[in-house]
Amino acid sequence: MFRFDDRIAVAVSGGKDSVSLLHVLAKIERKYPKARLVAITVDEGISGYRDEALKIAAENCKKLGIRHVTVSFKELFGYTFDQMVKRLRGKGDDKLTPCAYCGVLRRKALNMAARKARADKLATAHTLDDETQTILLNIFHGDVLRMAKEKPVTDEVHPKLVPRIKPFCEVPEKETALYAYVKGIRFQGKPCPYAGEALRNDARMILDGLEEKHPGMKFTIFKSIERIRPALEEMAKKEGLGECAECGEPTTDRICRTCQMRKQIG
Ligand code: SF4
Ligand code: ZN
């Protein structure tokens, strides 16, 4: 996933997965003097939740001697996430769960921050659990071609898109938590107040139930998609990548999903 001289941006939310990833990468990086790490935290603006996570992320970076960059929804998109949800609900325009908006906006914020930091790669702490949940979610949404793009190492498809890598894609979430406990790493345990509404929770329950009864099931699902991905990629190739007519960021549509959402939020 890495080259010896990569400048790696790590997305650090402050949760157990991302702080564990930061510590693991910092440990590996010490052996590669030409590699560089920079941590990026997105402040969505979720009161009573993100403030604590930001402190924990900053604390871990300081301890490891890693530069820490914070970007906020408010400065990038004009509103905090709490304000966006309020506006959407006020308009009765909340068909999507808050996480559906947050996910799209955060992905964009991370890409912009990683690009600004001149990173060669953007590492995120998605675990085996996240990956298999996303596979199910893509099927639930009828968006199967998305699986072609959301792979553990993305291609360099556009100069404005920093390639994303997921070093923990085969690591179960329980193990990242165990790592943090064993190493005495501080992380945020409190869940996001909007998390309960997400369809992802149903996917998690299904997968955890299956794994409990049939150990190894998550890994099998992950590997199955890895095997059929080349065929999906062939199908997805027909969707070209251009630049958004409004913000200039890469997108397959004329107007990117972030700009579509911003219009909706108003
Ligand atoms: Fe955003 Fe949902 Fe994650 Fe909360 S749980 S930070 S709303 S994606
Ligand atoms: Zn746009």
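This chain uses plain numbering: 1 for the first residue, then up along the sequence. Both ligands and their constituent atoms are indexed starting at 1 by order of listing.
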Trainee: Using the Zn ion (ligand 2) as the vertex, how large is the angle between SG of C244 and SG of C247, rounded to 10 degrees?
Mentor: 110°

Trainee: Looking only at protein heavy atoms, identify the closest one to atom 3 (Fe) of ligand 1 and say how far it is in Å.
Mentor: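 The protein heavy atom lying closest is R106 NH1, 4.0 Å.
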
Trainee: Looking at F81 versus Y194, is the centre-to-centre ring distance below 6.0 Å?
Mentor: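 Judged by ring-centre distance (under 6.0 Å), F81 and Y194 do meet the cut-off.
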
Trainee: What protein heavy atom sits nearest atom 2 (Fe) of ligand 1, and how far off is it?
Mentor: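 For atom 2 (Fe) of ligand 1, the nearest protein heavy atom is C99 SG, 2.2 Å.
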
Trainee: Which of the numbered atoms in ligand 1 are below 4.0 angstrom from a heavy atom of A195?
Mentor: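 What qualifies from ligand 1 is 5 (S).
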
Trainee: Does any N, O or S atom of C192, backbone or side chain, fall under 2.8 Å from atom 4 (Fe) of ligand 1?
Mentor: yes

Trainee: Output the list of atoms in ligand 1 that are nearer than 4.0 Å to some heavy atom of F81, sorted by atom number.
Mentor: 7 (S)

Trainee: Donor-acceptor check, side chain of N111 to backbone of K160, threshold 3.5 angstrom: yes or no?
Mentor: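 A pair under 3.5 Å: yes.
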
Trainee: Have a look at E249 and tell me which of R115, R257, K108 forms a side chain to side chain donor-acceptor pair (under 3.5 Å) with it.
Mentor: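 For E249, the side chain to side chain donor-acceptor pair (under 3.5 Å) check succeeds only for R115.
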
Trainee: For the metal site, I want the angle between atom SG of C259 and atom SG of C256 with the Zn ion (ligand 2) at the apex, to 10°.
Mentor: 110°

Trainee: When you measure from atom 1 (Fe) of ligand 1 to every protein heavy atom, which one gives the shortest distance, and what is it?
Mentor: C102 SG, 2.3 Å

Trainee: Between the side chains of D43 and T70, is a donor N or O closer than 3.5 angstrom to an acceptor N or O?
Mentor: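 Short answer, no.
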
Trainee: Is there a side-chain contact between D253 and Q260 in this structure, where contact means two heavy atoms from C-beta onward sitting under 4.5 Å apart?
Mentor: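 D253 reaches Q260 side chain to side chain.
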
Trainee: Quick check against the 3.5 Å criterion: does E211 have a side-chain atom that pairs as donor or acceptor with the backbone of K218?
Mentor: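 Present.
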
Trainee: Consider ligand 1: state whether an atom of it lies below 4.0 angstrom from any non-hydrogen atom of Y101.
Mentor: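 No.
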
Trainee: Any chance the side chains of T127 and D17 put a donor and an acceptor closer than 3.5 Å?
Mentor: no

